[in-house]
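Working notes for the structure below.
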Amino acid sequence: MMIALDTRLGRIAFNNPILTASGTFGYAKELEGTVDFSQLGGIIPKTITVEPRIGNPPPRTLETPSGLLNAIGLDNDGLEYFLENHLPYLLNLPTAIVVNIAGKTQNEFVLMCKRLSGYSGITALELNLSCPNVSGGIDFAVNPLLARTIVEECRAVTEIPLIAKLSPLVANIVEISRAVADGGADAVSIANTFPAMAINWRQKKPVLGNKTGGLSGPAIKPIILKLVWEVARANVIPIIAVGGIASIDDIMEYGLAGASAVQVGTSNFYQPQHCSTFVHNLPDCIASLGYHAWSEMVGACHKM
């Protein structure tokens, strides 16, 4: 029995629901020859900013018993370098490309959206409204009015579909999701990493050079699953789930909770072929529940 894996999030279409999360897959070229890009639903390369950033001081990452702490600090060569050196390669790949952007101000988000609008072939723009690893950064995703305003202003300068990447550190994730939906977002990514830290007690100091970083991996998955469930139950906006996916079971849980797509992040570091394996195993899991398509089972828990 053929199982359809294609999925739609409003205007956004993917051949299958499994994407790579920003910051965990480089600019794809690093994985050339290791991963069959045509098997992926989409690739989200590293976050780009208007100006180049050198990122945070090392150490920048630390493996924990249940995940990964990272404090990269949005290290990148800036928008213009990305447009000239990375985007042409990405747009020639046999999969959807979602460009993740972060601004220090509202105007920077708008500037980048306007600049990227001149390039055809981009599937969507992911607005990184909350990054816990940037010292002095503003968490745009905890204020509904501010989040809505940024999305509105970006929508005014581009026809490219917009995905708002939200923070998990909010009292009401449904309220924030509704705000960005009202602003014109096509979908939301739920969610960014959790601020966290580790201390070397022998040296009496934090392990990370930035002192704190963002926690990702299996530890956060049950929390993100609840956030996805809440937004899906409110039927606010299409959802991409991000957080702790390490097995096909995690993907099935997110789908049943209401996520139309998922982003695989931390597990890419230790098993770059994970996404391909998940795509291969997904049809049998869907069929075992009696469905003929991924889209049929999305949100099924809310229909019981």
Item to complete: Given side chain to side chain contact (heavy atoms under 4.5 Å, CB included), test Val262 with Ile240 step by step and report yes or no.
Response: CA-CA 5 Å; Val262 300; Ile240 303 174; 5.5 Å; no
Worksheet item: Could you go step by step and tell me if Leu227 and Val170 meet the side chain to side chain contact (heavy atoms under 4.5 Å, CB included) rule?
Response: CA-CA 10 Å; Leu227 297 179; Val170 294; 5.8 Å; no
Discussion item. Using the rule given for side chain to side chain donor-acceptor pair (under 3.5 Å), can you reason through Ser276 versus Asp36, listing the C-alpha separation, both sets of side-chain angles and the distance that settles it, and then say yes or no?
Written reply: CA-CA 7 Å; Ser276 298; Asp36 182 353; over 6 Å; no
Discussion item. Run Thr20 and Leu40 through side chain to side chain contact (heavy atoms under 4.5 Å, CB included) and show every step you take.
Written reply: CA-CA 8 Å; Thr20 64; Leu40 305 178; 4.1 Å; yes
Worksheet item: Given Trp229 and Ile239, is the side chain to side chain contact (heavy atoms under 4.5 Å, CB included) satisfied, shown in steps?
Response: CA-CA 10 Å; Trp229 169 276; Ile239 303 163; over 6 Å; no
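When all heavy atoms are compared, the tightest approach of Ala257 to Ala232 is O-CB, 3.3 Å. Nearest heavy-atom pair, Thr193 versus Ser216, reported as atom, atom and distance to 0.1 Å: CG2-CB, 3.8 Å. Across Pro45 and Val98, no two heavy atoms sit closer than the pair CD-O, 3.1 Å. Across every non-hydrogen atom of Ala187 and Ile12, the tightest pair is CB-CD1, 4.4 Å. Nearest approach of Gly41 to Ala96, heavy atoms of both residues: O-CB, 3.6 Å. Of all heavy-atom pairs spanning Gly67 and Pro218, the tightest one is CA-CD, 4.2 Å.
Residue pairs meeting the ring pair (Phe, Tyr, Trp, His ring centres under 6.0 Å) criterion with at least one member in residues 49-106, sequence neighbours excluded, are Tyr27-His86, Tyr81-His86. Sorted by first and then second residue, the pairs that involve residues 233-254 and meet side-chain hydrogen bond (donor to acceptor under 3.5 Å, both in side chains), not counting sequence neighbours, are Lys221-Asp250, Lys221-Glu253, Ser247-Asp250. Counting only residues at least two apart or in different chains, side-chain hydrogen bond (donor to acceptor under 3.5 Å, both in side chains) contacts with residues 164-186 comprise Arg11-Asp186, Arg155-Asp186. Sorted by first and then second residue, the side-chain hydrogen bond (donor to acceptor under 3.5 Å, both in side chains) pairs with a member in residues 292-304 form an empty list; sequence neighbours excluded.
Between Ile97 and Leu91 the shortest side-chain heavy-atom distance falls below 4.5 Å. A heavy-atom distance below 4.5 Å is not found between the side chains of Leu116 and Thr158. Side-chain contact check for Ile3 versus Tyr291: every heavy-atom pair is 4.5 Å or farther apart. Counting heavy atoms from C-beta outward, Pro17 and Val279 have side chains that stay 4.5 Å or more apart. For the pair Glu126/Ile101, no side-chain contact is recorded, criterion being any heavy-atom separation below 4.5 Å from C-beta on. Put simply, the side chain of Gln39 does not reach to within 4.5 Å of the side chain of His280, judged on heavy atoms. A 4.5 Å side-chain heavy-atom check between Leu169 and Pro195 finds at least one atom pair inside the cut-off. The closest side-chain heavy-atom distance from Thr123 to Pro161 is not below 4.5 Å.
A donor-acceptor contact closer than 3.5 angstrom links the side chains of Gln263 and Ser189. Looking at Thr61 and Asn70, their side chains never bring a donor and an acceptor atom within 3.5 Å of each other. Between the side chains of Asn76 and Thr49, at least one donor N or O sits under 3.5 Å from an acceptor N or O. Neither side chain, Thr7 nor Ser260, offers a donor N or O lying under 3.5 Å from an acceptor on the other.
When the side chain to side chain donor-acceptor pair (under 3.5 Å) test is applied to Asn268, the partners found at least two apart in sequence or on another chain are Thr24. In this structure, Glu108 has no salt bridge (charged side-chain N to carboxylate O under 4.0 Å, His left out) partners at least two apart in sequence or on a different chain. For Phe109, the ring pair (Phe, Tyr, Trp, His ring centres under 6.0 Å) partners two or more places apart in sequence, or in a different chain, are Phe140. Partners of Arg115 by salt bridge (charged side-chain N to carboxylate O under 4.0 Å, His left out), not counting sequence neighbours, listed by chain and number: Glu80. Scored by the salt bridge (charged side-chain N to carboxylate O under 4.0 Å, His left out) test, Asp6 finds no partners at all (sequence neighbours excluded). Checked against salt bridge (charged side-chain N to carboxylate O under 4.0 Å, His left out), Lys211 has no partners two or more places apart in sequence or in another chain.
In terms of hydrophobic clustering, with Ile, Leu, Val, Met, Phe, Trp and Tyr side chains grouped at heavy-atom distances under 4.5 Å, Val99 and Phe25 are assigned to a common cluster. Under a hydrophobic-cluster definition in which Ile, Leu, Val, Met, Phe, Trp and Tyr are linked whenever side-chain heavy atoms come within less than 4.5 Å, directly or via other members, Val228 and Ile220 are assigned to the same cluster. One hydrophobic cluster, built from ILVMFWY side chains closer than 4.5 Å, holds both Leu129 and Ile48. Hydrophobic clustering (ILVMFWY, side-chain heavy atoms < 4.5 Å, transitive): Ile251 and Ile43 are in one cluster. Ile173 and Val242 sit in two unconnected hydrophobic clusters of ILVMFWY residues. Membership requires side-chain heavy atoms under 4.5 Å apart, directly or through other members.
Distance check, rounded to the nearest 0.5 Å: CG of Leu9 to CD1 of Ile163 gives 7.0 Å. The CG atom of Asn128 sits 4.5 Å away from atom OG1 of Thr47, with the distance rounded to the nearest 0.5 Å. Taken to the nearest 0.5 Å, the CG atom of Asp77 stands 12.0 Å off from the CG atom of Leu83. Going from atom OG1 of Thr105 over to atom CG of Asn107 covers 5.0 Å, rounded to the nearest 0.5 Å. Atom CD1 of Ile190 sits about 11.5 Å away from atom NZ of Lys226, to the nearest 0.5 Å. Rounding to the nearest 0.5 Å gives a distance of 9.0 Å between CG of Asn100 and CE of Met112.
Within the 3.5 Å criterion, the main-chain N or O of Lys205 finds no donor-acceptor partner in the side chain of Gln203. Not one N or O on the side chain of Glu153 forms a donor-acceptor pair closer than 3.5 Å with the backbone of Val151. In terms of modelled atom types and a separation under 3.5 Å, the side chain of Asn56 and the main chain of Ala71 share a donor-acceptor contact.
Arg60 has a carboxylate O that lies under 4.0 Å from a charged side-chain N of Asp75, or vice versa, which qualifies the two as a salt bridge.
Here the rule is side-chain contact (heavy atoms from CB on, under 4.5 Å) with Cys113, and of Ile160, Leu127, Ile150 only Leu127 fits it.
No more than 12 heavy atoms of other residues, nucleotides or ligands sit less than 6.0 Å from atom CD of Glu51.
Through direct or indirect side-chain contacts shorter than 4.5 Å among Ile, Leu, Val, Met, Phe, Trp and Tyr, Met197 is connected to Ile199. In the hydrophobic clustering, Phe269 connects to Leu68, either directly or through intervening members, whenever side-chain heavy atoms lie under 4.5 Å apart.
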